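These numbers were taken from a predicted model, which means no experiment stands behind them. Chain letters run A, B, ... following the sequence lines, proteins first, then strands; residues in each count from 1. Atom set for the values below is all heavy atoms of this structure, side chains included, hydrogens, waters and symmetry mates excluded.
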Amino acid sequence: MESFFEKVYRVVRTIPRGKVVTYGQVARLAGRPHAARMVGWAMSASSPARPVPWHRVVGAGGRLVISKAVQYFQIQKRLLQQEGVEFRGDRVVMSRFQWQRGLRKASRRAQS
DNA sequence: ATACTGACACGGG
DNA sequence: CCCCGTGCCAGTA
């Protein structure tokens with residue numbers, strides 16, 4: 001049977017270029033609504049052997065969760081901008097770039 | 001088995 | 001907007 005991580009990677013690989021989803025969203029799509037932290041762990045564990053577009057997964061509200069002290073913070077921002085994703089400060093403009101996937105309720109978080 | 005630690009989310013203050 | 005506590009779940013010491 002497919003492990004939770006397999007599902008997470010599968011979901012992340014379906015994110016179209018130029019769009020982003022939140023850790024919580026991936027957790028829900030993978031069948032574990034409360035496993036957002038596991039998703040983050042899975043992303044940090046991604047390797048060249050199992051390539052996944054980890055940079056398209058962001059925190060709630062479009063925040064880049066990776067510590068600004070870590071090099072990956074800038075790498076992620078740069079990769080997203082290369083795909084056309086726009087930022088307002090350090091957060092993605094979710095109203096236009098969050099990938100929607102059959103979500104019954106509209107995304108309620110898009111303020112500041 | 002207990003304690004601590006995350007690339008999280010969310011409600012409060 | 002920032003900082004904190006709580007809920008969450010697997011890995012590590």
Q: Q25(A) CD to dA7(B) C1': how many Å, rounded?
A: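 Rounded to the whole Å, the gap is 16 Å.
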Q: Considering only dG6(B), dG11(C), dC8(B), which nucleotide approaches the side chain of Y23(A) most closely?
A: dC8(B)
Q: Which residue in the set I15(A), V39(A), L29(A), T14(A) passes side-chain contact (heavy atoms from CB on, under 4.5 Å) when paired with V21(A)?
A: I15(A)
Q: Does atom CZ of F73(A) have more than 12 heavy-atom neighbours, drawn from other residues, nucleotides or ligands, at distances under 6.0 Å?
A: yes
Q: What's the CZ-C1' distance between R32(A) and dC9(C), to the nearest Å?
A: 9 Å
Q: Between E83(A) and K19(A) (salt bridge meaning N to carboxylate O under 4.0 Å), is one present in this structure?
A: no
Q: Check the distance between dC8(B)'s P and I66(A)'s CD1 and give it to me in whole angstrom.
A: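 It is 9 Å, rounded to the nearest whole Å.
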Q: Starting at CE of M43(A) and ending at P of dC8(B), how long is that distance when rounded to a whole Å?
A: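 That distance rounds to 12 Å.
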Q: Taking atom C1' of dA7(B) as reference, at what distance in whole Å does atom CZ of R63(A) sit?
A: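 My rounded result for the distance is 11 Å.
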Q: From C-beta outward on A60(A), which listed nucleotide comes closest to its side chain: dA7(B), dA9(B), dC8(C)?
A: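 Out of dA7(B), dA9(B), dC8(C), the nucleotide with an atom closest to A60(A)'s side chain is dA9(B).
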Q: When the nearest nucleotide of DNA chain C is assigned to H34(A) and to W41(A) on a heavy-atom basis, which residue is associated with the more 5' position?
A: H34(A)
Q: I want to verify a distance call: between dC8(B), dC8(C), dA10(C), whose nearest atom is closest to the M38(A) side chain?
A: dA10(C)
Q: Kindly point out which of dC1(C), dA10(C), dA7(B) is positioned nearest to the side chain of R91(A)?
A: dC1(C)
Q: Just one of V58(A), V20(A), V57(A) clears the side-chain contact (heavy atoms from CB on, under 4.5 Å) bar with Q76(A), so which one?
A: V58(A)
Q: Tell me the interatomic distance from F73(A), atom CZ, to dG6(B), atom C1', rounded to whole angstroms.
A: 18 Å
Q: Take the protein atom CZ of R28(A) and the nucleotide atom P of dG7(C), then report the distance between them rounded to whole Å.
A: 20 Å
Q: With hydrogens left out and only the distance checked, is there a donor-acceptor pair under 3.5 Å joining R37(A)'s side chain and the base of dG7(C)?
A: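 Under the 3.5 Å cut-off, the side chain and the base do form a donor-acceptor pair.
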Q: Under 3.5 Å, is there a donor-acceptor pair between the side chain of Q82(A) and the main chain of L79(A)?
A: no
Q: Once you round it to whole Å, what is the distance between C1' of dA7(B) and CZ of F5(A)?
A: 13 Å
